[in-house]
Amino acid sequence: MTAAASARSILTQLHDVMASRMHAQGKLDRVVEIIGEALDSEVCSIYLLRDGMLELFATRGLNQGAVHVTRLAMGEGLSGTIADRIETLNLAEAKAHPDFLYRPETGEEKFNSFAGVPIVHRERAVGTLCVQHVDPRRYEDVEIEALQTTAMILSELIANAGLVDEEAVRGLTVEQTGPALLKGLALVKGVACGDAVFHQPRVTIDQIVADDTEAERQRVYRAFDRMREQIDKMTAQAEFGVGGELEEVLQTYRMFAYDEGWARRINSAIDSGLTAEAAIERVQQHTRMRMREIDDPLLADRMHDLEDLANRLLRIVSGQLGTAATQGLRRDTILIARNLGPAELLEYDRRRLKGVLLEEGSLTAHVVIVARAMGVPVLGRVQGLRGVVNDGDTILLDADSASATVRPAQPMAEDFAARMAASRKKQASYVELRDVEPFSRDGQRVQVMMNAGLRDDMPSLALTGADGIGLFRTEFQFLVSATLPQRDRQTRLYRDVLDTAGDKPVIFRTVDIGGDKAVPYLRPGAAELDENPAMGWRALRLALEREGLLKAQARALLEAAAGRPLNVMFPMVSEPWEFDAAKAVFEDQLQFLRSQKKVLPDQIRYGAMLEVPALAEVLDQLAPRLSFLSIGTNDLTQFLFAADRANPKLAERYDWLSISIMRFLHRIVQATIRYPVDLGVCGEMGGRRLEALALLGLGIRRLSISPASVGPIKELVRKVDLTEIGDLMTGFINSPPDNLRQALQAWADEREIETD
Ligand code: PEP
Ligand code: MG
């Protein structure tokens, strides 16, 4: 019999046992017989984890009296070593191994050779499967592989039959079952509680033994083809001028994707009778074990790539392509992910999504802005997140103190519930400010507006009592849509927004797509692909080139605002002519509507965003043409510091309260002061109290911020004397303190002005 044929015959027998109606213990007893027989071994034993100890559950060849009696700690004896290190042992002379431990009740002294493999469930050992033999010989590779495959099948049996304690069934070690405190970076403040749900769920393997090996082979071939196509596409796009890390990662991906050795190993696992999914997983387990033996951080990184790729292959082959959003949330959820795109987040049900934990993330990444708009707290940059949290764990997210507790003990959970109640009370206190106008202590009125992007954001306008929508990000409709939103859909949205806003002004920003807001249906061609999308073909640049897009939007806005005022703002204006060109598109559409005798807006105010530093140098030319100017500090600061706003490594490196940013903003205020242009800030920094204080001190009188910040900022305005903070900031601009943040904080503390 060939090795493959004998492996298949073992699998068929195991399959029959698993499919039988026998109880779990009976199945284990049969398995040790089958394996012992097939591997010509006097002994075959199964140890399973129970109460943190490995217990002998079934054996052929050892004394039956030892079953459920012999127990080994993790790391104790050969079985304990296998489970502890999750590694395979293959020894001609077991007694020669330093970890060998003799247990008299088993009667194993007469056996020389020993081979054992861990039974792994969700990457953690839940038991071991061992064979022993009188003759001192090492087992052959095919025999070891047969053991590994059997261990996989056993892992399913164990998980389904409740053979070991709940924690072990879930594949958890003791450290991963107790409470754990995670630290990170607070990206969106707030507190929340819910169950962990992984954004990309694990692929579940329903069938391990194949019914038709040839069909499985074809499935895996096709999956390989598709995966290679995807990787080729990714690399081909990146090849356009990309160097450095990304290219390296993609090239490694590509190397793995085309690795014949990998494909061959999967194929031979299929030959032995496994399904495509089980074969991929088996090979992956094997690789994981081998890699673990090599203690090299570089290799660990590569391992991560290979894992990613194997998961991709698994998802393709099993057709389980969706995210947790596709499957729908069933309970209050804390979402777990490495990173997310804004559109991915928007796919989740807002009623169930209570919080987000990310391994990466930065303050001004769009996904974070979206989360802020949704009122969902986000803790980012949580190291090792996905290794500590298990699906379904209870999580107490306290982004206010930049931490989260996983699997909390009861008193902790009660304490947290009390804090959540206090936080709700605090929020409620802002409701009292809803109808209070934000006048400063010295009687100056500050405009506190809110940012929005979806219909669902609109109720916040009345709830917070904001002065209007200072930034309506029209691209959100594009982001949540699978295809380009048609003009009538745009018109409907804009009309609804204006209807809800009533007398309060709404500033519509024309689409700002590109950068980290990529939409699949508006991808540039490969030749135009941006190496650096934030500085690339995005926002107004894209809109002016795809004039049809801007025309449609212009028409939609003009029609929606029929009979009422319309405020239009253009993003990423870099030179005045771009503003003129964009305005001309609107004026053309206006002309057309006029010729059609349509009802026109009462008044149209055009404005620009100042996000590109170069624009600040030509404000004398641009300002006279503008009704308003909004400083988009998210983009502006990333360009000033040449620090990608979405790069987690830079998330904390530069401070918004740096003297260079303050001086830059100060110059903008001074450059526009002589024009009747309404100047405001609509970046995230305006929503943080200390930063807002600085902006007010620089002379900014209009802030547009996320709805959750409206209450806190209104409260702040009412406590501040604007003349006094103005003098302070002027002093700081002229002769900066060593640490501007600290100096400002001290000033606020002295006056008992609460900051974040
Ligand atoms: C900004 O850049 O500050 C801004 C408000 O626009 P967005 O965050 O949408 O890029
Ligand atoms: Mg911007």
Could you tell me whether a side-chain N or O of [X] sits under 3.5 Å from a main-chain N or O of [Y], the two making a donor and an acceptor?
X: Arg381; Y: Leu358; value: no
X: Gln553; Y: Val511; value: yes
X: Ser709; Y: Ile705; value: no
X: Lys714; Y: Gly465; value: yes
X: Lys183; Y: Ala402; value: no
X: Thr730; Y: Gly726; value: yes
X: Arg663; Y: Ile659; value: no
X: Ser460; Y: Leu463; value: no
X: Ser704; Y: Gly470; value: yes
X: Thr333; Y: Leu335; value: no

Can we say [X] and [Y] salt-bridge, meaning some charged N sits less than 4.0 Å from an Asp/Glu carboxylate O?
X: Asp457; Y: Arg350; result: yes
X: Lys583; Y: Glu578; result: no
X: Glu684; Y: Arg645; result: no
X: Asp400; Y: Lys426; result: no
X: Arg473; Y: Asp512; result: no
X: Asp467; Y: Arg445; result: yes
X: Arg509; Y: Glu475; result: yes

**Prompt:** Which is it for Leu540 and Phe579 under the side-chain contact (heavy atoms from CB on, under 4.5 Å) test, yes or no, and what are the steps along the way?
**Reply:** CA-CA 9 Å; Leu540 199 55; Phe579 170 80; 5.8 Å; no
Rounded to the nearest 0.5 Å, how far apart are [atom1] of [X] and [atom2] of [Y]?
X: Ile661; Y: Glu691; atom1: CD1; atom2: CD; result: 9.5 Å
X: Ile513; Y: Phe476; atom1: CD1; atom2: CZ; result: 11.5 Å
X: Leu566; Y: Ile604; atom1: CG; atom2: CD1; result: 5.5 Å

**Prompt:** How about Gln638 and Asn634: does a side-chain donor come under 3.5 Å of a side-chain acceptor?
**Reply:** no
**Asked** Do Asp442 and Thr723 meet the criterion of a side-chain donor-acceptor pair at a distance under 3.5 Å?
**Response**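 Yes, a side-chain donor-acceptor pair sits under 3.5 Å.
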Would you call [X] and [Y] a side-chain contact if the rule is heavy atoms closer than 4.5 Å?
X: Leu345; Y: Leu353; result: yes
X: Val356; Y: Val368; result: no
X: Asp398; Y: Thr405; result: no
X: Ile725; Y: Trp747; result: yes
X: Asp678; Y: Arg702; result: yes
X: Met569; Y: Ser630; result: yes
X: Thr755; Y: Leu744; result: no
X: Val376; Y: Tyr348; result: no

**Item:** Verdict with reasoning, Arg538 to Asp635, per side-chain contact (heavy atoms from CB on, under 4.5 Å)
**Value:** CA-CA 12 Å; Arg538 63 173 277 205; Asp635 274 312; 3.0 Å; yes
**Asked** Under 6.0 Å between ring centres, would you say that holds for Phe570 and Phe508?
**Response** no
**Request:** List the atom of Tyr675, the atom of Ala623, and the distance in Å for their closest heavy-atom pair.
**Result:**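 Heavy atoms only, the tightest pair is CD1-CB, 3.5 Å.
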**Message:** Can you give me the closest heavy-atom contact between Leu397 and Pro377, atom names plus distance?
**Reply:**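 Smallest heavy-atom distance, with atoms named: CD2-O, 3.6 Å.
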**Request:** Tell me, with the steps shown, if Arg667 and Glu617 meet salt bridge (Lys or Arg N to Asp or Glu O under 4.0 Å).
**Result:** CA-CA 9 Å; Arg667 283 205 302 128; Glu617 298 299 328; 3.1 Å; yes
Step through the shown structure and confirm whether more than 12 heavy atoms of other residues, nucleotides or ligands are within 6.0 Å of [atom1] on [X].
X: Arg718; atom1: CZ; result: no
X: Asn734; atom1: CG; result: yes
X: Glu414; atom1: CD; result: yes

**Request:** With side-chain contact (heavy atoms from CB on, under 4.5 Å) as the test, would you mind laying out the steps for Cys193 and Leu396 before giving the verdict?
**Result:** CA-CA 5 Å; Cys193 166; Leu396 311 177; 3.8 Å; yes
**Request:** Show the numbers, then the answer: is there a side-chain contact (heavy atoms from CB on, under 4.5 Å) between Tyr606 and Leu626?
**Result:** CA-CA 6 Å; Tyr606 294 101; Leu626 299 176; 5.9 Å; no
**Item:** Test applied, side-chain contact (heavy atoms from CB on, under 4.5 Å); reference residue, Leu622; option that passes from Leu615, Thr672, Val677
**Value:** Leu615
**Message:** Which residue in the set Met609, Arg541, Met535 passes side-chain contact (heavy atoms from CB on, under 4.5 Å) when paired with Met572?
**Reply:**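 Testing Met572 for a side-chain contact (heavy atoms from CB on, under 4.5 Å) against Met609, Arg541, Met535 leaves exactly one candidate, Arg541.
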**Message:** Against Glu724, only a single residue in Arg441, Arg751, Lys719 fulfils salt bridge (Lys or Arg N to Asp or Glu O under 4.0 Å); can you say which?
**Reply:**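 It is Arg751, the one option of Arg441, Arg751, Lys719 that forms the salt bridge (Lys or Arg N to Asp or Glu O under 4.0 Å) with Glu724.
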**Parallel, tilted or perpendicular: ring planes of Tyr654 versus Phe641, cut at 30 and 60 degrees** =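 Judged by the thresholds at 30° and 60°, the geometry between Tyr654 and Phe641 is parallel.
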